[in-house]
Amino acid sequence: MNGHCNGKICEGFGELIIDSMKSAAHRQNETSRKEAEDESRLPALEAAYTSILSELGEDTDRQGLLRTPLRAAKAMQFLTKGYHETVEDILNNAIFDEDHDEMVIVKDIDMFSLCEHHLVPFFGKVHIGYIPNKKVVGLSKLARIVEIYSRRLQVQERLTKQIAMGILEALQPKGVAVVIEAAHMCMVMRGVQKMNSRTVTSTMLGVYLEDPKTREEFLNLSKRI
């Protein structure tokens, strides 16, 4: 290239471009396939929401509800789109070799999910810490991993562990820590109706589980403003 690279460098650069193009084409094909699947399932979901509204005593032919079943079906597909995504899909070669072995923390990641028991929202903040083992990940990808698992029907305990295990399997770090603090609408809008209650869950893996000082450092840093 411009006379400034030898054959091996140019060949390696060409292979990188080809790999990137293949990866992009694969993602595009997967996206198209998932969109087609969602489209094919819309009529059944729409009919189900129409039935629910009717059984609640509503007139589904009145103006305000004419398109509600379709809108609700599309919303539910969006809120559960994590079923169609994997950590491998979103990492997209964003793991980098780096000689860094100190703690990395991304905190206050917004999280929204649906409780699988009542299909009402729970939402809050996720704090993630990991200690690299010669590999780091693009920081935005940690937030994307949160979204993959939160965009499913969930319980907070399982969500916390899935996020931690997803990071552990992708990066093979020395340790992973995840803490979630969330408000559950199933405790606010119904049931005990406690407006100010919060649920905190944590998963500690590797050195965070084995070393109390490392765990304490993460917990202290994740609380600081």
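When a residue number appears, it is its place in the shown sequence, counting from 1.
- One N or O on the side chain of Asn220 and one on the backbone of Glu216 form a donor-acceptor pair closer than 3.5 Å.
- Interatomic distance, CZ of Arg190 versus CE of Met185, reported as 12.0 Å (0.5 Å rounding).
- Both Leu205 and Ile180 are part of a single hydrophobic cluster, where members link through side-chain heavy atoms under 4.5 Å apart.
- No side-chain heavy atom of Tyr208 sits under 4.5 Å from any side-chain heavy atom of Thr203.
- Linking Ile, Leu, Val, Met, Phe, Trp and Tyr whenever their side-chain heavy atoms come within less than 4.5 Å leaves Phe123 and Val106 in two separate clusters.
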Notebook entry, point to check: Which is it for Glu85 and Arg151 under the salt bridge (charged side-chain N to carboxylate O under 4.0 Å, His left out) test, yes or no, and what are the steps along the way?
Noted result: CA-CA 10 Å; Glu85 298 174 331; Arg151 295 299 189 189; over 6 Å; no

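- The distance from atom CD1 of Ile52 to atom OG1 of Thr60, rounded to the nearest 0.5 Å, is 12.5 Å.
- Rounding to the nearest 0.5 angstrom, the gap separating the CD atom in Gln156 from the OG1 atom in Thr199 is 5.5 Å.
- Considering only heavy atoms from C-beta on, Leu219 comes within 4.5 Å of Met204 through its side chain.
- Summarising the geometry of Leu159 relative to Ser150, their closest heavy-atom pair is CD1-N, 3.6 Å, with the distance given to 0.1 Å.
- Put simply, the side chain of Ser51 never gets that close to the backbone of Ala47: no donor and acceptor are under 3.5 Å apart.
- Checking Gln154 against Ser113 by side-chain atom types alone, no donor-acceptor pair falls below 3.5 Å.
- In Lys161, the NZ atom is not crowded: 12 or fewer heavy atoms of neighbouring residues, nucleotides or ligands sit closer than 6.0 Å.
- We find the CE-CG distance between Met76 and Asp38 to be 13.0 Å, quoted to the nearest 0.5 Å.
- Screening Ile145, Val137, Val146 for a side chain to side chain contact (heavy atoms under 4.5 Å, CB included) involving Ile167 leaves a single residue, Ile145.
- Between Met187 and Ser197, the closest heavy-atom pair is CE-OG, 3.6 Å.
- Put simply, the side chain of Lys174 never gets that close to the backbone of Gly206: no donor and acceptor are under 3.5 Å apart.
- Using bins of under 30°, 30° to 60° and over 60° for the plane-to-plane angle, the ring pair Phe122/His184 lands in the parallel bin.
- Checking side-chain atoms of Glu98 against main-chain N and O of Val136 turns up no donor-acceptor pair under 3.5 Å.
- With respect to Glu116 and Arg152, no salt bridge is recorded, no charged nitrogen being found less than 4.0 Å from a carboxylate O.
- Linking ILVMFWY side-chain heavy atoms closer than 4.5 Å, directly or via other members, places Ile163 and Ile90 in a single hydrophobic cluster.
- Using a 4.5 Å heavy-atom threshold, the side chains of Lys125 and Asp110 count as touching.
- Counting only heavy atoms from C-beta outward, the side chains of Pro132 and Leu171 never approach each other to under 4.5 Å.
- Proximity of a side-chain donor or acceptor of His100 to a complementary backbone N or O of Glu102 within less than 3.5 Å is detected.
- For the pair Leu221 and His127, the minimum side-chain heavy-atom distance is 4.5 Å or more.
- The minimum heavy-atom distance linking Ile128 with Phe218 is given by the pair C-CE1, 3.8 Å.
- When the side chains of ILVMFWY residues are joined at heavy-atom separations under 4.5 Å, either directly or via intervening members, Leu209 and Ile131 end up in a single hydrophobic cluster.
- One finds the OG1 atom of Thr86 at 8.0 Å from the OH atom of Tyr149 (value rounded to the nearest 0.5 Å).
- Taking a 6.0 Å sphere around CG of Asp59, one finds it holds more than 12 heavy atoms contributed by other residues, nucleotides or ligands.
- Judged as a salt bridge (charged side-chain N to carboxylate O under 4.0 Å, His left out), the pairs with a partner in residues 61-72 (not counting sequence neighbours) are, in order, Glu58-Arg62.
- Residues Gln77 and Arg41 have side chains in contact (heavy-atom distance under 4.5 Å, counting atoms from C-beta outward).
- His118 approaches Cys186 most closely through the heavy-atom pair ND1-CB, 3.6 Å.
- Taken to the nearest 0.5 Å, the CG atom of Leu91 stands 9.0 Å off from the CG atom of Leu142.
- Scanning all heavy atoms of the two residues, the minimum distance from Gly64 to Thr68 falls at O-OG1, 3.2 Å.
- When all heavy atoms of Ser202 and Val179 are compared, the closest pair comes out as CB-CG2, 3.8 Å.
- In terms of hydrophobic clustering, with Ile, Leu, Val, Met, Phe, Trp and Tyr side chains grouped at heavy-atom distances under 4.5 Å, Leu168 and Tyr130 are assigned to a common cluster.
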